Amino acid sequence: MSDRRPTSSDWAGVRLHIVSGKGGTGKTTVAAALAMALATEGSRVLLVEVEARQGISQTFDVPQLGEEERRVARGLHGGEVVGLSVDAKAALMEYLQMFYKLGRAGGMLERFGVVDFATTIAPGVRDVLLIGKVYEAVGRREGKRRGGDRTYDAVVLDAPPTGRIGRFLNVNHEVAGLAKVGPVRQQADSITRLLQSPQTVVHLVTLLEEMPVQETIDAAAELERIGMRVGAIIVNQERQPLLSPQAVATLREDPDGTTLLEKDLGSAGLRVGPVLTGGLVQTGLDLGDRLELEAQERAEIARLERPTYHLPLLRDGLDAGGLRELADALAGQGICANQDESEGTAG
Amino acid sequence: MTAVTHEVDVLDVDTLIESSATRTIVCCGSGGVGKTTTAAAVAVRAAEAGRTVAVLTIDPARRLAQALGLEEMGNEPVPVPTVDRSAGGSLDAMMLDMKRTFDEVVLNHAAPDKAQQILANPFYQAVSSSFAGTQEYMAMERLGQLMAERVDGRPRWDLIVVDTPPSRSALDFLDAPKRLGSFLDGRFIRLLTAPAKVGGRAYLKVVSVGVGAVSGAMAKVLGAQFLADVQTFVAALDTMFGGFRERAEQTFALLQNPGTAFLVVATPERDALREASYFVDRLAEEGMPLAGLVVNRVQMTYVPSLSAARAVAAAESLDDEPSRSGWSPADSAALLRLHADIAEQSVRHAAAVGRFTASHPDIAQVQVPSAAHDVNDVEELRQIGESLTGA
């Protein structure tokens, strides 16, 4: 069973791309690459992080992000990527100022530990505040007029990992029963409408390993259950198999039949001995084991029947244009509708 | 297989296991670095060396639970049938059930009618299942419970191995319980509980005018019902606050005890090692006993003497050889390129670990080679345990 090939219209109309994945799968890097791929000619893409990790500034190698939105990169095709690191405390204070013109009481809230309470202890409130900021950015328009241009053509959210994503996005459930009325509840309702609308998708980043794939499957089921749309599955850090399946099969059949290998190594000028030959054979056998496991994981992913993208393992990490390489790969596989069209007309 | 070696002390998990003074081993590190597997491997090795061991895992992979022979692992310890008990040891394993642990704390520390009141409160239900930090707090709480268990007046286990929650930051394990404690002790909570205690808003009049503004603002933002629920919850919990804080402090003190050994777990990548170095520094500040650093999934090579560059050059020289039926020179070249990739990766890993070593030269470390697949059975846990001795 092969996975579902993406088409250029998969994400038409999507304005909020939420990126999650198991810890260690590279979701921050993928979110950054996605933002770059989406930043086509003349467009502005906001890349948001909500866990105060400064992952965006590290990925783009720019100074730490604060409460202000700042350009962190040029996109692939002349657009721009703006970064924002949302902090729950700042979001709460901003929110209170906006709705209540608190003035001096704001500082008092801080002194009494109310801000700490609301942002770290009160369940759900923190998440409502964090996503609330994202919600605001998605809907924001230039100028005071309601009909002004949208500030951002797309927003990419580097969301919490798969283990927490359902809870994070299920804001309504989190505050239900706690805040039955009041502005927090209203805010949660508006957020939920956006999250469940066709404007929002959740992309899941995985590796071809058991745990990340299992978490991806679990997260997909959970997201569907809470009424969210699962977008793409993005397989990160894929390695090209250097050895052909036939060669692996030959090694497996007869690991000791190394005469021809030794002959080749000799003619390549290497000093042939048991460490070299045995070591290389074992290396090949290990690869065979890994490929078999990866095939199983691929089959699991295919069962999700979601558009699936593949990103290569970056040999030199993120340096040396690695991020651009990933963005290129996403664009080339059609993650950005516009980009795909322009390539179609050019070619 | 051979790793690129550094001039640092080798962390040998056997010295921890063999010393009866070691009572607790805590595996910590950022998410996705293999903490749970490390904890399980240490526990299996200790049990097979004759220790009476309990391992507390947080969220084990299905296959790891199966590897331990535990299809239905839960909050209560169950004997692991797959370990070799010939040295007189044993292994019990369990998985943290945050909600149940919290419920038990309430049931054990509040009067029966109060307890039911707390358990039914919507705020409690949310806090006990989803409040950020509850998992860390409850892991600490559960550890305290396990340490206190006695059989015939003696501790039920002579070694407890703990995995820590998959936090954003490894430091959360140390910080979350304190945060909860200081919150429960905080002015806001006092403020919320005060009116309930003296019976109504009259009390507010004697406090500074600021209080009214604060409560008012909170009621506006969160809704009055929310505040009322919080007040009931907090008032009900108030009776057991002392217990809560005391226990958190006791467990924290136990972790500072020399019978505890922290294993900081990382992978040979920048982010994981950065977290590890924060954690190592923090343990030192808190006076917590660090045993050393475990680096999981280190790429190693079977042919350390053949450099990547030399292998690629050899492969290129084979590219022009005529093809054969069966094993062809192209296959030999492919094997050489595969080795070159691995050798390069192993050099990168060594460099990443080297950066950690440069800033923490006195921290013992041990490397566990990356495996082709996840742990499937107890034999593979034994192999990891073997690697953890630095042998």
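Because the structure is a prediction, the values reported are computed rather than measured. Just so you know, these numbers use all the heavy atoms, side chains as well, and skip hydrogens, waters and symmetry mates. Below, read A as the first sequence line, B as the second, and so on, with proteins coming before strands; counting in each chain starts at 1.
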Region of [X] that comes under 4.5 Å of a non-hydrogen atom in chain A:
X      : value
B/L306 : side chain
B/L335 : both
B/R274 : side chain
B/S332 : both
B/T267 : neither

Between B/R310, B/E344, B/E269, the one whose heavy-atom pairs under 4.5 Å with chain A are most numerous: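 Option with the greatest count: B/R310.
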
I need the residue from B/S328, B/P329, B/A272, B/S317 with the largest number of non-hydrogen atom pairs under 4.5 Å to chain A.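 Greatest number of close heavy-atom pairs with chain A: B/P329.
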
When you compare the side chain of B/D271 with that of A/Q58, does any pair of heavy atoms fall below 4.5 Å?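 Answer yes - side chains close enough.
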
Less than 4.5 Å apart, side chain to side chain, heavy atoms only: is that true for A/K263 and B/R324?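 Touching, per the 4.5 Å side-chain cut-off.
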
Look at atom CG of A/D218 and say whether more than 12 heavy atoms of other residues, nucleotides or ligands are closer to it than 6.0 Å.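 Check passes, neighbour count above 12.
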
B/Y302 and its side-chain contact (heavy atoms from CB on, under 4.5 Å) partner, picked from A/V275, A/L276, A/D286: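 When side-chain contact (heavy atoms from CB on, under 4.5 Å) is applied between B/Y302 and each of A/V275, A/L276, A/D286, only A/D286 qualifies.
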
Can you list the residues that meet the side-chain contact (heavy atoms from CB on, under 4.5 Å) rule with A/A247, with sequence neighbours excluded?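 Counting only residues at least two positions away or on another chain, A/A247 forms a side-chain contact (heavy atoms from CB on, under 4.5 Å) with A/L243, A/S244, B/W327, B/D331.
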
Atom pair CD1 (B/I342) and CG (A/L287), whose distance is rounded to the nearest 0.5 Å: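 Between atom CD1 of B/I342 and atom CG of A/L287 there are 7.5 Å.
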
I need the B/L336 CG to A/L242 CG distance, nearest 0.5 Å.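 If I round to the nearest 0.5 Å, the distance is 11.0 Å.
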
Looking only at heavy atoms, which two atoms of B/A314 and A/A268 are closest? And how far apart?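 That would be O-CB, 3.6 Å.
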
Heavy-atom proximity to chain B below 4.5 Å, by part of A/E210: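 Contact with chain B is through both the backbone and side chain of A/E210.
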
Given heavy-atom pairs under 4.5 angstrom as the criterion, report whether the side chain, backbone, both or neither of A/E297 touches chain B.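 Contact with chain B: side chain only.
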
Please list all pairs meeting salt bridge (charged side-chain N to carboxylate O under 4.0 Å, His left out) that have one or both residues in residues 252-262 of chain A, counting only residues at least two apart or in different chains.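 Output for this query lists A/R252-A/D289, A/R252-A/E292.
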
Criterion side-chain contact (heavy atoms from CB on, under 4.5 Å) on B/T37 and A/M211, from CA distance to verdict: CA-CA 12 Å; B/T37 308; A/M211 277 291 273; over 6 Å; no

With a 4.5 Å cut-off on heavy-atom pairs, point out which of A/Q214, A/E294, A/K22 contacts chain B the most.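 So the answer, after comparing A/Q214, A/E294, A/K22, is A/Q214.
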
